[in-house]
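Treat the numbers as computed from the prediction; the structure is a model and nothing was measured. One is the number of the first residue; the rest follow in order along the sequence. Just follow the structure's listing: the first ligand is 1, and inside any ligand the first atom is 1.
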Amino acid sequence: MKVKKAVIPAAGFGTRFLPATKAVPKEMLPIVDTPTIQYIVREAADAGIEDLLIITSRGKDAIVNHFDDAYELESVLERGGKTDLLGAVKDVCGKMNIYFTRQREQKGLGHAILCAKSFVGSEPFAVMLGDDVIAGNTPCIGQLTAQYEKYGATILGVQRVGMENVSKYGIVACDFERGKIHKVTDMTEKPQPKDAPSDMAVLGRYVITPAIFECIEKTGAGALGEIQLTDALVRLAEAEDVYAYEFDGKRYDIGNKLGFLQATVDFALARDDLGDDFRKYLKSLEL
Ligand code: G1P
């Protein structure tokens with residue numbers, strides 16, 4: 001079965017980027033000139049996702065507006081012959097159906113995903129977290145949907161992060177590997193290094209079977225007093241196969257300021273219109 005649906009949770013307050021996120025959703029902060037969420041939506045479109053649900057919350061209407069048509073602006077750009085800008089404004093909008101719903105209470109990632117239950121129905125679906133921007137030749141979520149087609153089971157996108165970083169992530173325990181695919185036996189959310197079963201972290205990309213919803217409904221509050229997707233995935237792994245796949249690509253943690261700056265520098269250097277001048281500027285700095 002092909003994976004055609006994806007869910008992007010975008011309901012968090014973005015407290016790590018205050019004061020910028022007081023009136024602007026963190027997903028709308030730009031890397032160079034493109035809102036971070038647009039990179040994620042583009043990744044979904046490039047992987048052939050047809051229906052996308054973005055889960056927002058109060059004060060995040062800018063995201064909804066961003067993925068709508070903007071007739072007045074578009075006609076001004078069209079009349080002025082600014083086709084590049086017109087393309088940038090339209091970008092992913094026409095490539096898939098984009099739906100929105102609100103998570104009315106902030107009760108954690110698991111609870112946010114539960115808001116997608118009726119959208120998902122009985123199909124496998126992708127989950128893409130906005131704090132993880134992944135650059136590479138093949139869209140990360142496309143690598144996971146390809147594995148889903150092979151195994152017909154839940155696939156978690158993982159990379160090794162080093163034991164010193166395990167307390168920031170959902171960490172998997174695995175019992176065998178075949179190349180880049182591992183069978184998941186257990187998971188733990190943000191463990192201390194001494195308690196971590198490995199340094200293999202789930203980095204914001206998942207393809208999950210719809211059986212997860214029943215698991216979330218049975219899951220109580222976990223780490224940080226929130227309903228954790230990780231805890232529901234542990235339940236799922238007891239009932240059906242769950243795999244971890246070591247995906248290719250460079251992942252940026254744009255949920256923290258250093259990661260955001262690293263993404264900004266790398267993305268600017270990779271741009272045809274900016275890269276050369278920006279490289280010259282960086283070289284001129286006496287660091
Ligand atoms: C979430 C998940 C965690 C995952 C991480 C990836 O945590 O709960 O399992 O490893 O995203 O970025 P958060 O960073 O939202 O606290």
Side-chain angles (χ1 to χ4, degrees), residues 6-17 21 25-27 29 31 36-37 39-40 43 54-57 60 103 106-116 126-135 140-141 144 154-174 182 184 186-193 195-208 212 215-216 219-237 242-247 249-260 262-263:
V7 176
I8 301 180
F13 287 127
T15 43
R16 279 183 285 181
F17 280 85
T21 48
K26 69 169 177 178
E27 296 78 8
L29 300 180
I31 297 176
T36 58
I37 193 166
Y39 291 97
I40 316 282
E43 181 188 328
I54 301 180
I55 299 170
T56 67
S57 56
K60 297 220 158 182
Q103 182 189 17
Q106 304 266 317
K107 292 208 260 178
L109 179 59
H111 179 259
I113 298 302
L114 193 55
C115 300
V127 171
M128 306 171 75
L129 304 189
D131 280 348
D132 301 281
V133 168
I134 298 158
C140 177
I141 201 65
L144 302 195
T154 293
I155 312 280
L156 315 175
V158 297
Q159 283 186 341
R160 292 189 184 278
V161 292
M163 289 312 277
E164 66 282 13
N165 290 310
V166 291
S167 63
K168 297 183 208 158
Y169 303 106
I171 301 294
V172 295
C174 304
H182 306 252
V184 175
D186 199 5
M187 280 178 83
T188 154
E189 183 68 14
K190 303 191 172 73
Q192 289 306 309
D195 305 321
S198 75
D199 69 342
M200 201 123 57
V202 180
L203 295 180
R205 295 295 182 276
Y206 315 70
V207 172
I208 310 179
I212 193 69
C215 299
I216 300 174
T219 299
L224 313 171
E226 297 180 339
I227 298 174
Q228 295 290 348
L229 179 60
T230 298
D231 295 342
L233 286 165
V234 171
R235 240 175 235 276
L236 186 69
V242 171
Y243 295 96
Y245 179 73
E246 288 183 71
F247 64 83
K250 180 162 181 188
R251 174 258 181 190
Y252 298 89
D253 178 5
I254 60 154
N256 82 62
K257 288 169 206 177
L258 184 62
F260 198 99
Q262 288 163 341

**Request:** Under the side-chain contact (heavy atoms from CB on, under 4.5 Å) rule, what do Ile54 and Ile37 come out as? Steps first, then yes or no, please.
**Result:** CA-CA 10 Å; Ile54 301 180; Ile37 193 166; 4.0 Å; yes
For [X], atoms of ligand 1 separated by under 4.0 Å from a heavy atom:
{"X": "Thr230", "result": "9 (O)"}
{"X": "Glu189", "result": "2 (C), 3 (C), 7 (O), 8 (O), 9 (O)"}
{"X": "Gly170", "result": "3 (C), 4 (C), 9 (O), 10 (O)"}

**Asked** Does a side-chain heavy-atom distance below 4.5 Å link Ile208 with Leu236?
**Response**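 In contact.
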**Asked** Does Leu129 reach ligand 1, in the sense of a heavy atom lying below 4.0 Å from it?
**Response**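 Contact check Leu129 vs ligand 1: positive.
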**Message:** Please confirm whether Leu229 approaches ligand 1 to less than 4.0 Å, judged on its heavy atoms.
**Reply:**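 No, that is not the case, since the closest heavy atom of the residue is not under 4.0 Å from the ligand.
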**Asked** Relative to ligand 1, is Arg251 under 4.0 angstrom through side chain, backbone, both or neither, heavy atoms considered?
**Response**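 Within the 4.0 Å criterion, Arg251 contacts ligand 1 through side-chain atoms alone.
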**Asked** Rounded to the nearest 0.5 Å, how far does CG of Leu229 lie from CD1 of Ile113?
**Response**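 It comes to 6.0 Å.
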**Prompt:** Given Asp131 and Arg16, is the side-chain contact (heavy atoms from CB on, under 4.5 Å) satisfied, shown in steps?
**Reply:** CA-CA 11 Å; Asp131 280 348; Arg16 279 183 285 181; 3.9 Å; yes
**Request:** Determine whether more than 12 heavy atoms belonging to other residues, nucleotides or ligands lie under 6.0 Å from atom CZ of Phe17.
**Result:**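 Enclosed.
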**Message:** I'd like to know if the side chain of Thr21 reaches the main chain of Gly14, judged simply by a donor and an acceptor atom lying under 3.5 Å from each other, with no hydrogens or angles considered.
**Reply:**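 Indeed, once roles are kept as given, a pair shorter than 3.5 Å links the two residues.
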**Asked** Can you check whether Asp131 has an N/O within less than 3.5 Å of an N/O in ligand 1?
**Response**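 No; the residue has no nitrogen or oxygen that sits under 3.5 Å from a nitrogen or oxygen of the ligand.
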**Request:** Please confirm whether Tyr169 comes within less than 3.5 Å of ligand 1 when only nitrogen or oxygen atoms on both sides are compared.
**Result:**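 Min N/O separation from ligand 1 is not below 3.5 Å for Tyr169.
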**Item:** Qualifying salt bridge (Lys or Arg N to Asp or Glu O under 4.0 Å) pairs with a residue from residues 158-169, counting only residues at least two apart or across chains
**Value:**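 The answer is Arg160-Asp199.
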**Message:** Counting only heavy atoms, tell me which of Lys190, Lys168, Met187 gets closest to atom 13 (P) of ligand 1.
**Reply:**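 It is Lys190 whose heavy atom sits nearest to atom 13 (P) of ligand 1.
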**Prompt:** Can you tell me the protein heavy atom closest to atom 4 (C) of ligand 1 and the distance?
**Reply:**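 So the nearest neighbour among protein heavy atoms is Val202 O, 3.3 Å.
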**Asked** Can you tell me which residue and heavy atom of the protein come closest to atom 12 (O) of ligand 1, and the distance to 0.1 Å?
**Response**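 Here the closest protein heavy atom is Asp132 OD2, 2.9 Å.
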**Message:** What verdict does the side-chain contact (heavy atoms from CB on, under 4.5 Å) test give for His182 and Glu246, after you've listed the backbone C-alpha separation in whole Å, the side-chain angles of each residue and the deciding distance to 0.1 Å?
**Reply:** CA-CA 8 Å; His182 306 252; Glu246 288 183 71; 2.7 Å; yes
